[in-house]
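Okay, structure first, notes after.
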There are 2 protein chains.
Amino acid sequence: MAERDGPAKRGRLSRALVLAAAVALVDREGLGALTMRRLAADLGVEPMAIYRYTAGKEALLDGLVEAFFAEVNERLRTSADQRDDDGPAWRAELRRIARAFAAVVHAHPEILPVVATRPLTVPVARRPAPLLQLTEHILAVLGRAGFDDAATLTIYRAFVAWNIGRLLVDRRQVVDNPEEPDPLLRLGLHRLPAAEYPRLRALVPRLAEYDDEQELITGLDGLLRGMPEAPLDSFYG
Amino acid sequence: MAERDGPAKRGRLSRALVLAAAVALVDREGLGALTMRRLAADLGVEPMAIYRYTAGKEALLDGLVEAFFAEVNERLRTSADQRDDDGPAWRAELRRIARAFAAVVHAHPEILPVVATRPLTVPVARRPAPLLQLTEHILAVLGRAGFDDAATLTIYRAFVAWNIGRLLVDRRQVVDNPEEPDPLLRLGLHRLPAAEYPRLRALVPRLAEYDDEQELITGLDGLLRGMPEAPLDSFYG
DNA sequence: TCGATTATATTTACCTTGTATACCTACATG
DNA sequence: CATGTAGGTATACAAGGTAAATATAATCGA
């Protein structure tokens with residue numbers, strides 16, 4: 001099989017193609033659908049062909065992360081950003097990064113769990129290059145703003161934590177039965193004993209009524225204002 | 001096989017036993033080791049026996065989450081908490097919860113990825129009871145503090161996001177070669193081209209030198225100070 | 001007390017998935 | 001034109017999840 005499409009039998013694949021197909025597959029059908037066989041079929045190729053471009057399934061997941069951050073970087077490079085000069089420049093830049101990150105998550109929501117959990121268990125030095133580049137950029141921004149090493153790292157960790165946590169929380173809850181007009185029933189709330197969970201029952205219907213970006217940025221600003229001060233900030237702030 | 005241990009062949013298992021064994025297994029050998037067959041072996045039972053207490057592998061993972069939050073609740077119930085009366089009571093209580101959460105994560109670090117990603121894709125109403133109880137508790141605390149519904153939910157989301165993100169980030173990076181005395185080599189930094197990642201190279205060796213709890217609590221306070229004000233706060237705060 | 005019922009665990013078997021290994025083949029290069 | 005090799009295929013197996021049928025201990029009605 002797999003005789004269609006590419007005229008040549010050779011050179012059909014490439015790492016970029018494989019990763020793109022993987023991302024597309026995950027976008028369309030979720031992480032669960034990402035199997036070597038399925039991916040191969042999408043590429044019009046036998047399963048083992050993929051192994052020439054990625055060491056295995058694990059490595060393929062790391063490839064998703066790579067593709068993800070490549071897209072974040074790309075977006076940062078091209079986003080002429082709406083003017084946003086509240087506070088010092090470094091904070092504006094972190095906001096810009098947070099927005100880019102969020103935008104890519106919204107473009108590929110299914111990948112988020114991988115992005116959130118996988119890189120953190122991988123030694124820094126072997127994380128995908130695009131992630132390293134982004135990290136370098138953030139550290140450089142903070143360094144230029146005048147923070148010393150300890151402060152830079154503290155802010156960096158807080159920034160990453162907030163973004164990841166925030167985006168995980170933003171994954172709106174899947175709804176039991178989208179058809180049901182009554183929100184109580186639609187959310188499956190009849191299963192929540194009202195006696196035990198009064199506040200929850202009252203609030204859940206409104207849990208999804210909020211502005212992601214608003215809360216992302218507001219929270220980020222709040223968080224960062226609580227961080228150590230940069231020596232130069234008082235002049236520019 | 002499986003003739004040892006329990007004298008009776010009947011009633012060896014229970015949901016609690018199964019979950020406890022699953023948690024123990026994951027603690028010892030990581031999520032990857034959690035297979036139905038392995039878990040069955042640990043329990044001295046044939047694989048299919050487990051299916052009477054959990055609907056399948058997915059449900060088993062939800063069971064991990066359930067066990068996790070049961071432990072958080074337990075800890076909250078019994079922790080006579082070190083005096084901690086900075087700011088309003090509701091903030092002190094959120095700090096207490098954050099600490100309990102962090103403590104349980106440290107007790108079961110391998111479970112965190114599951115806790116961080118799984119509940120968020122499950123409809124609220126079918127999340128495990130211990131998680132619902134904790135949620136109810138948080139919402140109640142905020143309600144009693146005088147926040148209206150919108151503010152309560154905003155603070156709730158920020159609180160959850162911060163905790164999850166923070167704890168994910170706290171998973172220290174696995175080290176390439178723990179034996180190596182030179183930190184540069186130990187972290188595999190020789191693989192980081194110094195020209196491209198100057199700041200990263202300089203800072204990575206110190207990336208793990210920080211106090212988790214310190215940053216967790218400090219950040220939380222900063223974050224919450226940026227949140228909407230409760231009407232009554234001015235009286236108590 | 002004894003047989004029927006039922007809760008509990010086992011047996012068997014099947015399908016999906018990841019991947020090792022050996023192989024084939026088009027192509028560039030000497 | 002021979003030939004080495006990168007790129008893709010064929011085959012096969014082990015590990016894992018789980019459906020379905022089966023065996024068996026515990027419980028209970030008579």
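Just so it is clear: chains get the letters A, B, ... in the order the sequence lines come, proteins before strands, and each one is counted from 1.
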Cationic N near anionic O, under 4.0 Å, A:Glu46 to A:Arg37: no
Electrostatic pair A:Arg28:A:Asp42 at N-O distance under 4.0 angstrom: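 Between A:Asp42 and A:Arg28 there is a salt bridge, with a charged N closer than 4.0 Å to a carboxylate O.
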Protein-nucleotide distance ([X], atom [atom1]; [N], atom [atom2]), rounded to Å:
| X | N | atom1 | atom2 | answer |
| --- | --- | --- | --- | --- |
| A:Lys57 | C:dA20 | NZ | P | 15 Å |
| A:Tyr51 | C:dT17 | OH | P | 12 Å |
| A:Leu39 | C:dG18 | CG | C1' | 13 Å |
| A:Leu61 | C:dG18 | CG | C1' | 12 Å |
| A:Ile50 | D:dA6 | CD1 | P | 20 Å |
| B:Tyr53 | D:dG17 | OH | C1' | 19 Å |
| A:Arg38 | C:dG18 | CZ | P | 12 Å |
| A:Glu46 | C:dC24 | CD | C1' | 13 Å |

Whether A:Phe101 and A:Phe69 hold their rings parallel, tilted or perpendicular, with breakpoints at 30° and 60°: perpendicular
Distance below 4.0 Å between A:Arg12 side-chain N/O and D:dT9 OP1 or OP2: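 Yes.
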No-H, no-angle donor-acceptor pair, B:Arg52 side chain to C:dA9 base, under 3.5 Å: yes
Donor + acceptor pair across side chains of B:Arg171, A:Thr121 (<3.5 Å): no
Candidate nucleotides D:dG17, D:dA12, C:dT21, ranked by approach to the side chain of A:Arg37 - the nearest: D:dA12
Most 5' of A:Met48 and A:Gly32 on DNA chain C, judged by nearest nucleotide: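 The 5'-side residue here is A:Gly32.
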